[in-house]
Amino acid sequence: MFRLANLNLVKNLRSKQAVCLRFNSNESAKDAVQNAEAPKAPANQQADINQTPQQMTKLSPLYKYLVYKFSSTKYASVKDVPDILPSAQVHFAKDKGRAYMTIVGIGITVLGSFIAVLFGKRDHSRGMKHTDDIIKQHSEYSKAHQEMLKKKDSQVPA
């Protein structure tokens with residue numbers, strides 16, 4: 001059964017009765033608002049939480065380490081982590097570990113690019129150009145290229 005939530009929405013008395021009839025109610029709009037039944041919370045919420053079934057996960061050594069390192073529940077060592085934990089706790093630890101490893105990977109990438117720039121500047125100040133080295137290696141006048149051409153010619157029957 002639907003009930004009228006706000007009596008102020010309907011201004012005249014005839015409309016109030018029509019609204020009540022429209023929702024198949026035999027009580028007046030005023031009674032519907034005054035007698036509205038709110039859902040009641042259980043008396044003992046802890047009992048309901050503990051009774052809900054949770055999916056449990058058996059932990060591998062890697063997951064044990066992740067739960068030890070990144071879980072919201074702090075353990076003294078990896079040996080203190082139980083063999084079976086709720087999946088939510090394991091997923092939380094995996095997600096936090098994944099975020100941590102992403103940040104570490106970004107830091108390593110930035111550090112590596114910074115080092116590559118320093119090496120490039122050092123080589124440039126010495127007069128070295130890496131593009132010239134590549135051209136020399138692959139030019140037809142290089143010794144390696146000439147040896148490769150000789151091997152090709154000797155293998156092809158005339």
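Model, not experiment: these values are computed from the prediction.
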Q | Heavy-atom pair of closest approach, residues Lys69 and Lys74 | A | O-NZ, 4.5 Å
Q) Is there a chain of hydrophobic side chains (I, L, V, M, F, W, Y, each step under 4.5 Å between heavy atoms) that links Ile84 to Tyr75? A) no
Q. Can you name the closest pair of heavy atoms from Ser71 and Val67 and give their distance?
A. CB-O, 2.8 Å
Q | Transitive ILVMFWY side-chain link Ile106 to Leu111, under 4.5 Å | A | no
Q. Heavy-atom count around Lys79 NZ within 6.0 Å, excluding the residue itself: above 12?
A. no
Q) Listed by chain and number, what are the side chain to side chain contact (heavy atoms under 4.5 Å, CB included) partners of Ser113, not counting sequence neighbours? A) none
Q: For Tyr100, look at atom OH and say whether over 12 heavy atoms of other residues, nucleotides or ligands are found less than 6.0 Å away.
A: no
(Q) Can you tell me how far apart CG (Leu59) and OH (Tyr68) are? Round to the nearest 0.5 Å. (A) 15.5 Å
Q) Transitively linked via ILVMFWY side-chain contacts under 4.5 Å: Met56 with Val81? A) no
Q) For Phe114, which of Val110, Leu118, Val117 qualifies under side chain to side chain contact (heavy atoms under 4.5 Å, CB included)? A) Leu118
Q | Of all pairs that satisfy salt bridge (Lys or Arg N to Asp or Glu O under 4.0 Å), the ones with a partner from residues 81-107, not counting sequence neighbours | A | Lys64-Asp83, Asp95-Arg98
Q: State, with a plain yes or no, whether a side-chain heavy atom of Gln55 is found less than 4.5 Å away from one of Pro86.
A: no
Q: Inspect the surroundings of CZ in Phe70 and state if more than 12 heavy atoms from other residues, nucleotides or ligands are less than 6.0 Å away.
A: yes
